[in-house]
Amino acid sequence: MSQVRVRFAPSPTGFFHIGSARTALFNWLYARHTGGTFVLRIEDTDKERNSEEFLNVIYDSLRWLGMEWDEGPGKGGDFGPYRQSERDAIYKEYLEKLKAAGRTYEKDGAVYFKLLGERSEVFDEHRKKTVTKVANTPAIIDDQIRGRVERIEDEDFVIVRSDGSPVFHFVNVVDDIAMKITHVIRGEDHLSNTSKHVELFKAFGVPVPKFAHIPLILKQNGPGKMSKRDQGALIEEYQRRGYLPEALVNFLSLLGWNPGDDREKMPIAEIIRLFDLPGVNQSNARFDDKKLAHMNMTYLLELPEEKFLELARVYFEKQNVFTAGWPAETYFREVIALAHPKIKGIEELPAYTKYFFTEDFVIDDKVRAKVLSKGEPKARLAELIELLRTADLSSDLAIEDAIKKLAESKSLGFGDYQAVARLAVSGTNVGPSITGMFRVLGREKVLARLERFGATL
RNA sequence: GCCCCCAUCGUCUAUCGGUUAGGACAGGAGAUUCUCAUUCUUCAAAGCGGGGUUCGAUUCCCCGUGGGGGCACCA
C-alpha cells in the first residue's frame, strides 16, 4: 500500500449528483491506481441542511457505482470518526493551536483567522461596505492538473461561527491534516478557496498537500455548471432507470480524462491502470446524455443473458409492471431474451414487451394505415392463419421456413406476411423477429390475435 | 466590481513545433436483416481574434474576446 491518501468529502445537503460522482470517481481511481487509501468523510457541519436520508443516498450511490471506500463511516479506520459532526473535540484541539500561535481573534462572537501582513481599510464595491484588507504574500498552490497557481488571500475569515460551530474551510483543513490526506482532488469550484486552505496549512505548520482541481461538468443546455436541479443530474435517477453502473462509471471517467488514445469503452481495471492526475483535462466538459445512453447500450448488449434477466426482473419488480401477478418463469425468460439484443436501455423493456404479457395492447393507428395500404393484407392474414394452424412452431428456423415456403408458393416475399402479422400480434411495427414472437407467444395466442385483427378488416 | 481557471468539429476528445488535424456521440446518405434496433460503408463538421517567438505554429508567450468558477457566521 502506497502512502497516497485521498478523500471524498461530500456534504449530505442534497442529492448525489453527476459532478459529485465524478469527483468521487477520480479520487477512487487515483487511490486504486497508486495503491493508496480512499477515505470517505462526511462534511455535515451545517446542521440546518443535513439529513440521514441524504447520507444513505451517498452510501448507496457510491456502492452502486462500485466505489467502496477504505476508511469512513461503516468501515472504520485509524483517523475516525469520519463524520464531522462527531469531531468537535478534534476541532477544539486544533483551534487551541491556532489561538496559542496568536492567529485568531474574536469579533461579533465569531472566531476569525488572522492573516499576516499590513492592514488597511478599503471600500468593497461588490459588497457595498468597508472591509479590512491584508497585504499578504501569494499562496502557492501546487496543482497536479493546472500547474502552479498563485492567489492572494487578503481578508481574515471566519473559522468558528458565533454559535460555536466550525466553518467548512477550517474543518476541511483540520481533517485533511488529521487524516493525513496527501492529495486533495476536488472540483475546480474550490480553486479560489484553496488560498484560504493553504494559509491554514501554513499556520498549523504542516506541509501543504498536493492539490488537483478537476474541471467541472457543465449542464447540457444553457449556461453554468450542472447542479442537482438539472435534467439527468442525479445518480439515483440512473439507478432507478436501470442504467448499468459500469457504463455510467466508464462515461464519467471520460469526462475530463482519456486514456491517451482512441479507446472509450474500457473495463474498470484498465481505467484504473491508465488513470493519472496529469492526464486530467483542464477545461470544463459539457454533459451529453446521448453519449451516456450509447455507452449504456454497448454495455447492455454484451451483458450475459443471465445477468440481463436479473436486471430485467428487478426493474419489472420496481416498476410494479405485473399488477395481476408474475408470468411463468420460462415464459418471462424467453420474452426477455427476445428483447435483449433489441433495446437501448432496461427502461424500454416494459413498453417493448407489453403485448407478450397482456391481450390489452393498442393497435397503432398510423402503422395500421401504413400496413393496410400495401398489397393484400387481408388475404395474407388468412393464408397465415391457415398455415399456423398446423405449422411447426418449435423453432424460429422452422417458422421462418414455413412462412418462406408459403410466400414462395404465392410468388410473394417474407415481408408481405411479416408486416401484417406483426401488426396483428403486437400492434406496432417495431419489435423482435416475427418468428421469435410466434414461437414465444405460442400457437393459441397468435391465432387468436390474427383472427381478432382479421375481423376488423 | 475584484480574483482564479479554461479555449480543437454541435458535444466529449487525440495531437507532447512540421499531420490530408484523428476517433467517439449526435446528424445526413447508403448497405445488410422479416419490422425496429444492432452492425457495416460513407458524407458533412473544428484549431475564437490580434500580435509576437520560430525556417515553420492548433501546439510556446502577450493582449483582447468568449466560457466557467469564486468573492458568506453554505459546503
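Computed from a predicted structure; not experimentally measured. In what follows, chains are A, B, ... by sequence order, proteins preceding strands, each numbered from 1.
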Novice: Is the cationic atom of A:R449 (NZ for Lys, CZ for Arg) positioned less than 6.0 Å from the six-membered ring centroid of A:F453 and within 45 degrees of its normal?
Specialist: no
Novice: Counting only heavy atoms not in A:K445 (residues, nucleotides, ligands), do more than 12 fall under 6.0 Å from its NZ?
Specialist: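 Yes - once you tally the heavy atoms of other residues, nucleotides and ligands closer than 6.0 Å, there are more than 12.
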Novice: Within a 6.0 Å radius of atom CZ on A:R263, are there more than 12 heavy atoms belonging to other residues, nucleotides or ligands?
Specialist: yes
Novice: For A:G415, answer base if it contacts any base atom (sugar-phosphate contacts may also be present), sugar-phosphate if it contacts only those atoms, and nothing otherwise; contact means non-hydrogen atoms under 4.0 Å.
Specialist: nothing
Novice: For A:D416, which contact category applies under a 4.0 Å heavy-atom criterion: base, sugar-phosphate, or nothing?
Specialist: nothing
Novice: When the distance from CG of A:D261 to P of B:U13 is rounded to whole Å, what number comes out?
Specialist: 15 Å
Novice: Measuring only the P atom in each nucleotide, how far is B:G51 from B:U58? A whole number of Å is fine.
Specialist: 13 Å
Novice: So, taking the atom named CZ in A:F26 and the one named CG in A:D276, what distance separates them when rounded to the nearest 0.5 Å?
Specialist: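 Spacing of CZ (A:F26) from CG (A:D276) equals 11.5 Å.
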Novice: Is the distance between the ring centroids of A:Y59 and A:W69 under 6.0 Å?
Specialist: yes
Novice: Between B:A72 and B:C12, how far apart are the two C1' atoms, rounded to whole Å?
Specialist: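 These two C1' atoms come out 35 Å apart once rounded.
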Novice: Does any nucleotide pair with B:A14 by Watson-Crick or G-U wobble geometry, both distances under 3.5 Å, and what is it?
Specialist: none
Novice: Is there a side-chain contact between A:K225 and A:N284 (heavy atoms, below 4.5 Å)?
Specialist: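 The answer is no; the side chains never approach within 4.5 Å.
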Novice: Would you say B:C36 has OP1 or OP2 under 4.0 Å from some side-chain N or O of A:N429?
Specialist: no
Novice: More than 12 non-hydrogen atoms from neighbouring residues, nucleotides or ligands closer than 6.0 Å to CG on A:L301, yes or no?
Specialist: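 Yes, CG of A:L301 has more than 12 neighbouring heavy atoms, counting only those of other groups under 6.0 Å.
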Novice: Return the value, rounded to whole Å, for the distance between atom CG of A:L254 and atom P of B:C12.
Specialist: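 Nearest whole value for this atom pair: 12 Å.
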Novice: Figure out the CZ/C1' separation between A:F170 and B:A75, and round it to whole Å.
Specialist: 16 Å
Novice: Between A:V167 and A:S433, which is nearer to the 5' end of RNA chain B once each is assigned its nearest nucleotide?
Specialist: A:S433
Novice: Round to a whole Å and report the spacing from CZ of A:R7 to P of B:A75.
Specialist: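 Distance, rounded to whole Å: 14 Å.
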Novice: Between B:A7 and B:A14, how far is it from one P atom to the other, in whole Å?
Specialist: 10 Å
Novice: Before giving the answer on side chain to side chain contact (heavy atoms under 4.5 Å, CB included), spell out for A:E199 and A:H197 the whole-Å C-alpha distance, their side-chain angles and the decisive distance to 0.1 Å.
Specialist: CA-CA 5 Å; A:E199 294 296 346; A:H197 301 176; over 6 Å; no
Novice: What does A:E155 touch in the nucleic acid at a heavy-atom separation under 4.0 angstrom: a base, only the sugar-phosphate, or nothing?
Specialist: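 No contact.
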Novice: Output yes when at least one side-chain N/O atom of A:Q282 is less than 4.0 Å from OP1 or OP2 of B:C6, else no.
Specialist: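 Checking A:Q282 against B:C6: at least one side-chain N or O falls below 4.0 Å of OP1 or OP2.
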Novice: Any side-chain heavy atom of A:F8 within less than 4.5 Å of one from A:L25?
Specialist: no
Novice: Answer yes or no: side-chain N or O of A:S195 and base N or O of B:C3 forming a donor-acceptor pair under 3.5 Å.
Specialist: no
Novice: Once you round it to whole Å, what is the distance between P of B:A72 and NZ of A:K107?
Specialist: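 Nearest whole value for this atom pair: 13 Å.
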Novice: Starting at atom CG of A:L200, determine the distance to atom P of B:A75, rounded to an integer number of angstrom.
Specialist: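 From A:L200 CG to B:A75 P: 14 Å.
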Novice: Tell which nucleotide pairs with B:G66, taking only Watson-Crick or G-U wobble pairs whose two distances are both under 3.5 angstrom.
Specialist: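 Pairing partner, where one exists within any strand: B:C6.
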Novice: Between atom CG in A:D154 and atom P in B:C4, what is the gap in whole Å?
Specialist: 11 Å
Novice: Search all heavy atoms of A:T428 against all heavy atoms of A:V430 and return the closest pair with its distance.
Specialist: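 Nearest pair, atom of A:T428 first, then A:V430: CG2-O, 3.3 Å.
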Novice: Cation-pi between A:K114 and A:Y105: NZ/CZ under 6.0 Å from ring centre and within 45° of the ring axis?
Specialist: no
Novice: Considering only atom C1', compute the distance from B:C73 to B:G68 and round it to an integer number of Å.
Specialist: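 Going atom to atom, C1' in each nucleotide, I get 28 Å.
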Novice: Could you identify the nucleotide paired to B:U20, looking across every strand shown and requiring Watson-Crick or G-U wobble geometry with both distances under 3.5 Å?
Specialist: none
Novice: Output the single nucleotide from B:A75, B:U35, B:U13 whose closest atom is nearest the side chain of A:Q418.
Specialist: B:U35
Novice: Quick one: pull up CZ in A:R103 and CG in A:L98 and give me the separation to the nearest 0.5 Å.
Specialist: 7.0 Å
Novice: Taking the nucleotide of RNA chain B with the closest heavy atom to each, which residue, A:G256 or A:Y352, is nearer the 5' end?
Specialist: A:G256
Novice: What string of B, S and - do you get for nucleotides 23-33 of chain B, 5' to 3', if B is base contact, S is sugar-phosphate-only contact and - is no contact with any protein heavy atom under 4.0 Å?
Specialist: BBSS-------
Novice: Indicate, with a heavy-atom threshold strictly under 4.0 Å, whether A:A419 touches base, sugar-phosphate, or nothing.
Specialist: nothing
Novice: At under 4.0 Å, does any side-chain N or O of A:N281 touch on OP1 or OP2 of B:U13?
Specialist: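 It does, given that an N or O in the side chain of A:N281 lies less than 4.0 Å from OP1 or OP2 of B:U13.
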Novice: Report which part of the nucleic acid A:S162 touches: base, sugar-phosphate, or nothing (heavy-atom distance under 4.0 Å, all strands).
Specialist: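 Base, at least one base heavy atom under 4.0 Å.
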Novice: Taking the P atom of each, how far is B:C43 from B:C62, in whole Å?
Specialist: 40 Å
Novice: Given the C1' atoms of B:A57 and B:A44, what is the spacing between them in whole Å?
Specialist: 27 Å
Novice: Using purine N1 to pyrimidine N3 plus N6-O4 or O6-N4 for Watson-Crick, or N1-O2 and O6-N3 for G-U wobble, each under 3.5 Å, what pairs with B:G27?
Specialist: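 Across all strands, the one nucleotide that pairs with B:G27 is B:C43.
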Novice: Across the strands shown, which category fits A:G187 at heavy-atom distances under 4.0 angstrom: base, sugar-phosphate, nothing?
Specialist: nothing
Novice: Which one is paired to B:U53, where only Watson-Crick or G-U wobble pairs with both distances under 3.5 angstrom count?
Specialist: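 Partner of B:U53: none.
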Novice: If the P atom of B:U8 is compared with that of B:U59, how far apart are they to the nearest Å?
Specialist: 12 Å
Novice: At under 4.0 Å between heavy atoms, what does A:H169 touch on the DNA or RNA strands: base, sugar-phosphate, or nothing?
Specialist: base
Novice: Expressed as a whole number of angstroms, how long is the span from A:I141:CD1 to B:C3:C1'?
Specialist: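 Value for this atom pair: 11 Å.
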Novice: Quick test of your reading of the model: are A:R151 and A:E153 salt-bridged, counting only N-O distances below 4.0 Å?
Specialist: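 Yes, A:R151 and A:E153 are salt-bridged.
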Novice: For nucleotides 63-70 of chain B, which of its nitrogen or oxygen atoms have a protein nitrogen or oxygen under 3.5 Å away, and what is each distance?
Specialist:
| from | atom 1 | to | atom 2 | distance (Å) |
| --- | --- | --- | --- | --- |
| B:G68 | OP1 | A:G224 | N | 3.1 |
| B:G68 | O2' | A:N284 | ND2 | 2.8 |
| B:G69 | OP1 | A:K225 | N | 2.9 |
| B:G69 | O2' | A:D189 | O | 3.4 |
| B:G69 | N2 | A:S192 | OG | 2.9 |
| B:G70 | OP1 | A:K225 | NZ | 3.4 |

Novice: How would you label the contact of A:T435 with the nucleic acid (heavy atoms, under 4.0 Å): base, sugar-phosphate, or nothing?
Specialist: base
Novice: Determine the Euclidean distance between corresponding P atoms of B:G64 and B:C25; express it in Å to zero decimal places.
Specialist: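 Those two atoms are separated by 40 Å.
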